[in-house]
Amino acid sequence: MQKIVVILGPTAAGKTSMSLTLAKKFNGYIISADSRQIYRGMDIGTDKLTRNKWQGIKHRMIDIVNPDDDYSLAQYQKTVFAIINDQKKLLPFLVGGTGLYIQSIVDNLDIPKGGPDKVLRKELNEKTVQELFRMLIKIDPKTAQVIDENNKRRLIRAIEVCKTSGFKYSDRTKKNKPVVNALQIGVKISREEMYKKINKRVDEMMEEGLLDEAKKLGEKYDWDIPSMSAIGYKQLGLYFKKELSLDEAVELIKNDSRHYAKRQMTWFKRDSRINWVSSANEAEKLIERFL
RNA sequence: GCCGAGGUAGCUCAGUGGUAGAGCAGUAGACUGAAAAUCUAUGUGUCGGCAGUUCAAUUCUGCCCCUCGGCA
């Protein structure tokens with residue numbers, strides 16, 4: 001089985017610089033596991049390492065689609081597996097903070113087929129969560145038992161899978177046999193330090209021209225497409241739409257980033273296979289033992 | 001100094017003669033083709049201080065302290 005090293009952690013923990021150090025040391029390349037860095041033109045706000053800073057290390061899954069292209073977990077999984085299969089000489093470093101994307105690779109999630117059916121989604125979106133929940137009870141009672149009843153997006157997705165794939169959602173969500181042997185390394189950071197770094201980084205992004213980047217994207221794309229829900233862009237969108245002052249928008253970026261980082265921690269906490277380190281040295285030792 | 005408004009949770013503020021609540025923040029959690037998305041749970045604090053009225057005061061009265069306006 002192909003060995004891969006995963007470098008994960010909340011936003012601002014220092015994954016990028018650690019992964020560069022390690023990729024150089026172990027003759028590796030980097031596969032981004034970041035659901036927003038896939039978009040071209042979203043650079044400053046996603047804290048993307050631009051091409052000129054790659055230091056000769058090969059990077060994949062960055063700038064692969066345009067902001068108005070549809071993209072999904074299933075595509076991500078498929079593409080990453082193809083990359084790993086194709087590139088056998090270098091050690092893959094899967095680096096990022098999108099827990100679900102990482103899990104789809106590490107655990108080879110069997111992602112339910114079916115959809116996305118935009119027409120159906122739109123139609124379902126007009127119903128209330130109560131109505132959707134009642135629908136789901138009829139077509140897939142097993143899922144209805146465990147789903148968040150108020151989570152419209154999940155209700156819609158479950159119904160969509162049942163209606164378009166011929167399978168029940170509950171029959172389709174499982175793990176397949178793993179196809180990679182993954183060493184998962186988490187970059188440790190205290191809550192306090194993390195929040196401090198996030199606040200500082202948002203200010204730096206503004207200095208680097210996030211406002212201008214967001215403005216250009218806003219001129220080209222609708223503010224309500226999925227990619228534009230990325231932190232940094234969404235809030236500045238509210239400023240451009242005159243719903244917030246600039247100061248309020250920047251404060252909201254910080255706030256939403258902190259919330260996001262907290263959710264990431266919740267996600268990672270439940271995976272006991274993750275080895276938490278606070279330096280590249282510690283990570284190096286783990287990798288040496290792993291290889 | 002005078003006039004007015006106000007001092008209640010970390011912040012912004014509601015409210016009541018029977019010792020108090022929302023939003024935000026914080027904290028915890030869920031998560032399988034939108035995941036930086038989406039959803040859930042969670043509020044004891046000298047109700048500015050002292051005294052008075054009252055069976056009972058955060059609520060009414062008096063004095064004091066502080067903050068913010070306006071006038072000097």
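Sequence lines set the chain letters: A, B, ... in the order given, protein chains first and strands last, and positions in each chain run from 1. All figures in this text were calculated on a predicted structure; none of them were measured in a lab. Side chains are part of it too, since the values below use all heavy atoms of this structure and drop only hydrogens, waters and symmetry mates.
Counting non-hydrogen atoms under 4.0 angstrom, A/R258 reaches the backbone sugars and phosphates but no base. Within 4.0 Å of A/G99, counting heavy atoms only, lies no atom of the nucleic acid at all. When heavy atoms are screened at a 4.0 angstrom cut-off, A/Y233 is found touching no nucleic acid atom at all. Heavy atoms of A/Y101 sit under 4.0 angstrom from primed sugar atoms or phosphate atoms, though from no base atom. Among the protein residues, A/N255 comes within range of the sugar-phosphate backbone only, with heavy atoms under 4.0 Å from sugar or phosphate atoms but none that close to a base. Residue A/S227 is out of contact with every strand shown, counting any heavy-atom pair closer than 4.0 Å. Among the atoms of the strands shown, only primed sugar atoms or phosphate atoms (P, OP1, OP2) are found under 4.0 Å from some heavy atom of A/K269.
When the P atom is used for both B/rU59 and B/rU53, the distance is 15 Å, rounded to whole Å. When the P atom is compared between B/rG29 and B/rU19, the two are found 35 Å apart, to the nearest whole Å. When the C1' atom is used for both B/rA9 and B/rG48, the distance is 15 Å, rounded to whole Å. The same atom, P, is picked in B/rA51 and in B/rC11; the two are 27 Å apart, to the nearest Å. Atom C1' of B/rC39 sits at a distance of 12 Å from the matching atom of B/rA35, rounded to the whole Å. Between B/rG69 and B/rG62, the distance separating the two C1' atoms is 25 Å to the nearest Å. For the C1' atoms, the distance from B/rG10 to B/rG45 is 12 Å, rounded to whole Å. Across B/rC47 and B/rU8, the matching P atoms stand 11 Å from one another, rounded to whole Å.
The OG1 atom of A/T11 lies 9.5 Å from the CD1 atom of A/I189; values are rounded to the nearest 0.5 Å. Note that CG of A/L217 is 10.5 Å distant from CG of A/D68, once rounded to the nearest 0.5 Å. Taking CG of A/D34 as the reference point, atom OG1 of A/T46 lies at 6.5 Å (rounded to 0.5 Å). Rounding to the nearest 0.5 angstrom, the gap separating the CG atom in A/D86 from the CZ atom in A/F81 is 14.5 Å.
Summary of the strand contacts: A/R157 and A/Q264 both lie near RNA chain B, and taking for each the nucleotide with the nearest heavy atom, the more 5' one is attributed to A/R157. Toward the 5′ end of RNA chain B lies the nearest nucleotide of A/H259, the other residue of the pair A/T266 and A/H259 mapping further downstream.
Side-chain N or O atoms of A/R154 include none that pairs as donor or acceptor with a backbone N or O of A/I147 at under 3.5 Å.
As a whole-Å value, the separation of A/Y195 OH from B/rG10 P is 18 Å. In this structure, A/L120 atom CG and B/rA34 atom P are separated by 12 Å, rounded to whole Å. Atom P of nucleotide B/rA30 and atom CD1 of A/I147 are separated by 16 Å, given to the nearest angstrom. Taking atom CD on A/Q103 and atom C1' on B/rC31, their separation rounds to 9 Å, with Å as the unit. Rounding to whole angstrom units, NZ of residue A/K152 and C1' of B/rU40 are separated by 17 Å. A/L8 has its CG atom 18 Å from the P atom of B/rA35, to the nearest Å. The interatomic distance linking A/N150 (CG) with B/rG29 (C1') rounds to 15 Å, in whole Å. Protein atom CD of A/E149 is 12 Å distant from nucleotide atom C1' of B/rC39, rounded to whole Å.
Side-chain atoms of A/I111 lie closest to B/rU32 of the nucleotides B/rU32, B/rU38, B/rC31. Here B/rG33 is the nucleotide among B/rC39, B/rG33, B/rA35 with the atom lying nearest to any side-chain atom of A/L73. When distances are taken from the side chain of A/S72 to each of B/rC31, B/rG33, B/rU38, the shortest belongs to B/rG33. Among the nucleotides B/rU32, B/rA34, B/rG26, the one closest to any side-chain atom of A/R36 is B/rA34. Each of B/rG33, B/rA28, B/rC39 was ranked by its minimum atom distance to the side chain of A/R121; first place goes to B/rG33. The nucleotide whose nearest atom lies closest to any side-chain atom of A/P116 is, among B/rU32, B/rA34, B/rU27, B/rA34.
Proximity of A/K175 to the phosphate of B/rU32: no side-chain N or O atom is located under 4.0 Å from OP1 or OP2. Between A/R191 and B/rA28 there is a side-chain N or O to OP1 or OP2 distance below 4.0 Å. For B/rC39, the OP1/OP2 oxygens have no side-chain nitrogen or oxygen of A/R263 closer than 4.0 Å.
Across the strands present, B/rC31 finds no partner; the criterion is a Watson-Crick or G-U wobble pair with both atom distances under 3.5 angstrom. Searching all strands for a Watson-Crick or G-U wobble partner of B/rU67 with both distances below 3.5 Å returns B/rA5. Across all strands shown, B/rC24 forms a Watson-Crick or G-U wobble pair, both distances under 3.5 Å, with B/rG10. Across all strands shown, B/rG17 forms no Watson-Crick or G-U wobble pair with both distances under 3.5 Å. Look at B/rC47: it lacks any Watson-Crick or wobble partner with both distances under 3.5 angstrom.
The local environment of NZ in A/K241 is crowded, with over 12 non-hydrogen atoms from other residues, nucleotides or ligands closer than 6.0 Å.
Ring planes of A/Y101 and A/Y71: tilted class, angle from 30 to 60°.
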Report the C-alpha distance between A/D107 and A/K175 in whole Å, list the side-chain angles of each, state the deciding distance to 0.1 Å, and finish with yes or no for salt bridge (charged side-chain N to carboxylate O under 4.0 Å, His left out).
CA-CA 6 Å; A/D107 289 334; A/K175 293 173 184 176; 3.7 Å; yes

